[in-house]
Amino acid sequence: MISTGTNIKINKIANSRIGEIDPANIQFGKNYSDHMLIAYYENGAWKEPEIVPFTNLNFSPATTFFHYGQAIFEGVKAYKNPQGEPIIFRPHDNWKRMNRSANRMAMPDVPEELFVGGMKTLISLDRDWVPQGDDTSLYIRPFLLAIDEFIGVRPAEKFMFMIITSPAGPYYNHPVSIYVQDQYVRAFPGGIGFTKAAGNYGMSMYPTQEIKKMGYDQILWTDGFDHKYVQEIGTMNVFFVIGDTVITPDLNADTILAGVTRDSVLTLLREKGVKVEERALSIDEIAVAHKNGQLKEAFGTGTAASIAPICALTYHDTKMELPPLEQWEHTNWLKKTLADIRYGKVADRHHWTEKA
Ligand SMILES: *Cc1c(COP(=O)(O)O)cnc(C)c1O
């Protein structure tokens, strides 16, 4: 064991498994890099974190998170800049969001030094796992679990924070076909839609499986009262370009996950002088716009997919097709602009990227 300046004990792997990856064909989530970070919370305090070789874990079957889902996570990415250095995109924003999730789920705050500092130490150690090449990145998965060995129902007292990482190639390589869901509901005011809680994903599996069987890629979730107001697509924030205005649902009802990509897109569009609106948007308004030829572009945003163009929306029996992708002004510009910043190809005026 060696100790670092940030008090992280590091136990290095004897032989790197980097040879496992085929750099020309990286499949998301198939390989995990050499090391992982692990830290325990007990008696009201965080213990010293450790970085150890990636390995399986051992738990009592009575462990809380297995049963009651007190579990949250984050998704961050590191990219190789032209100098071959790993840079991480907006990790402090993910840190803040993790603690918003933690708060709602009665879990302890993760200290900034553990989340961001620990991440940087881990990425620095596993820098060879950050792929170099268009559309590639290292996906970083921090997560927090309740680990009391107690099957009774109560907020846990012991927690485990971990970070694992996985090399990623392009996530969606085709425009997504969307089914507008007005039967199942993802989030409602007072619920946990704004958190990155594991349960939000668990509950989406069945509805998603059903629409995949019907030939669609993702669900456009609508609100729980009128089943009209759009929320998100799958696990991405959603944007529509109607006429010359870019519209995305606002965050006021706590039903929408405040995406870091969403915020980046809004910032870049506003700086460019594009008309942007964060407000309630109904599927009826989208349908009317489509009928009038005013629905110009639509896309999802998220760390995994970056910008995912939508080729069609199906609402009941109506399929709304979007114009050919080549004509999309905003989406194509955003995709390139965001990629240039993430890969450190242009000056980072917003200080969004941080060296590992
Ligand atoms: C993670 C996530 C997003 C995207 O957030 P980013 O910070 O942009 O990755 C959007 N919606 C949901 C439901 C999510 O879980």
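Residues take their numbers from the sequence shown, with the count starting at 1. Numbering of ligands and ligand atoms starts at 1, following listing order.
- Residue D134 qualifies as open at atom CG: its count of foreign heavy atoms under 6.0 Å is 12 or below.
- For D93, the salt bridge (Lys or Arg N to Asp or Glu O under 4.0 Å) partners two or more places apart in sequence, or in a different chain, are R90.
- Legend: residues meeting ring-ring contact (aromatic ring centres under 6.0 Å, His included) with H92, ordered by chain and number and at least two apart, are absent.
- For Q181 (side chain) and P207 (main-chain N/O), no donor-acceptor pair under 3.5 Å exists by modelled atom type.
- A salt bridge links R279 to E285: one of the charged nitrogens lies within less than 4.0 Å of a carboxylate oxygen.
- Remark: Y68 engages no residue in a ring-ring contact (aromatic ring centres under 6.0 Å, His included) (not counting sequence neighbours).
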Using a 3.5 Å cut-off on N/O to N/O, what pairs does ligand 1 make with the protein? A line per pair would be great.
residue: ligand 1; atom: 7 (O); partner: R97; partner atom: NH1; Å: 2.8
residue: ligand 1; atom: 7 (O); partner: R97; partner atom: NH2; Å: 3.1
residue: ligand 1; atom: 7 (O); partner: V260; partner atom: N; Å: 2.7
residue: ligand 1; atom: 8 (O); partner: V260; partner atom: N; Å: 3.3
residue: ligand 1; atom: 8 (O); partner: T261; partner atom: N; Å: 2.9
residue: ligand 1; atom: 8 (O); partner: T261; partner atom: OG1; Å: 2.6
residue: ligand 1; atom: 9 (O); partner: T303; partner atom: N; Å: 2.8
residue: ligand 1; atom: 9 (O); partner: T303; partner atom: OG1; Å: 2.6
residue: ligand 1; atom: 11 (N); partner: E232; partner atom: OE1; Å: 2.5
residue: ligand 1; atom: 11 (N); partner: T235; partner atom: O; Å: 3.3
residue: ligand 1; atom: 15 (O); partner: K196; partner atom: NZ; Å: 2.7
residue: ligand 1; atom: 15 (O); partner: Y201; partner atom: OH; Å: 2.4

